[in-house]
Amino acid sequence: HVYWSWQEVHCVRLSDGEQLWQGGATGYPGSCIVTSDDRLVVLSDMGHLILVDAVEHSPDAYHELARMPNLFPTDAWPHVVMSDGQLLIKDRLGNVQCYRVGE
């Protein structure tokens, strides 16, 4: 599956290009990563950090689990990084925020 964030989160089946679902308000550009437990972490717009079920948990529809809006005062679309139980996000000016996850 391929996921991306542009105004909404989109899910497409790679084998045939069929869109399986889209949803959520994300604003303009965004980044997504898939976690080891088949969730999506999405960062978009002015720092909307969103946790979404991937297609393995929600095959027919967008399902948002949590949202933290407006974490930055400017565009925040660089890629999200997860490492050693930490989630790092950055805005386009280089401001970084770090959150402990998974515990």
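The basis for the numbers below is simple: all heavy atoms, side chains too, and nothing from hydrogens, waters or symmetry mates.
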For this session: Fit a plane to each ring of Trp21 and Tyr3, take the angle between them on a 0 to 90° scale, and name the class: parallel (under 30°), tilted (30 to 60°) or perpendicular (over 60°).
Result: tilted
Problem set entry | Side-chain heavy-atom pair Val81, His79 within 4.5 angstrom cut-off | no
Exercise. Going only through I, L, V, M, F, W and Y residues with side-chain contacts under 4.5 Å, is there a path from Tyr62 to Leu65?
Worked result: no
Problem set entry | Distance (rounded to the nearest 0.5 Å) between Ile50 CD1 and Glu64 CD | 5.5 Å
Exercise. Can you name the nearest heavy-atom pair linking Met82 to Thr35, along with the distance?
Worked result: SD-CG2, 3.8 Å
For this session: Work out which heavy atom in Ser44 is nearest to a heavy atom in Ser5; give both atom names and the distance.
Result: CB-OG, 3.9 Å
For this session: Would you mind reporting whether Leu88 and Tyr99 have side-chain heavy atoms less than 4.5 Å apart?
Result: no
Exercise. At what distance, to the nearest 0.5 angstrom, does CG of Asp37 lie from CD of Glu56?
Worked result: 10.5 Å
Exercise. To the nearest 0.5 Å, what is the distance between CG (Leu49) and CD (Gln97)?
Worked result: 9.0 Å
Problem set entry | Minimum-distance pair of heavy atoms, taken over all atoms of His63 and Ser58 | CB-OG, 3.6 Å
Problem set entry | Note, Ile89 side chain near Leu71 side chain (heavy atom, < 4.5 Å) | yes
Exercise. Do Trp6 and Val9 belong together in a cluster built from hydrophobic side chains that touch within less than 4.5 Å?
Worked result: no
Exercise. Shortest non-hydrogen contact from Asp53 to Arg39?
Worked result: OD1-NH1, 3.0 Å
Exercise. Near Asp16 CG, under 6.0 Å, is it more than 12 heavy atoms from other residues, nucleotides or ligands?
Worked result: yes
Problem set entry | Stepwise side chain to side chain contact (heavy atoms under 4.5 Å, CB included) check, Leu87 with Val80 | CA-CA 7 Å; Leu87 175 73; Val80 176; 3.0 Å; yes
Exercise. So, for Thr26 and Glu8, which heavy atoms are closest and what is the spacing to 0.1 Å?
Worked result: OG1-N, 3.2 Å
Exercise. Does the side chain of His48 reach to within under 4.5 Å of the side chain of Arg67, using non-hydrogen atoms?
Worked result: yes
Exercise. Hey, what do you get for CZ (Arg100) to CG (Asp84), rounding to the nearest 0.5 Å?
Worked result: 7.0 Å
Exercise. Do you reckon Val52 sits in the same ILVMFWY cluster as Val2, going by side-chain contacts under 4.5 Å, direct or chained?
Worked result: no
Exercise. How far apart are the closest heavy atoms of Asp45 and Gly27, and which atoms are they?
Worked result: CG-CA, 4.0 Å
Exercise. Can you tell me how far CG of Leu43 sits from CG of Asp91, rounded to the nearest 0.5 angstrom?
Worked result: 9.5 Å
Exercise. Just wondering, do Met46 and Phe72 contact through their side chains at under 4.5 Å, heavy atoms?
Worked result: no
Problem set entry | Leu20 side chain reached by Asp60 side chain, heavy atoms, under 4.5 Å | no
Problem set entry | Ile33 with Met68, same ILVMFWY side-chain cluster at under 4.5 Å | yes
Problem set entry | Step-by-step side-chain hydrogen bond (donor to acceptor under 3.5 Å, both in side chains) determination, Arg13 to His1 | CA-CA 5 Å; Arg13 187 171 36 234; His1 297 97; 5.7 Å; no
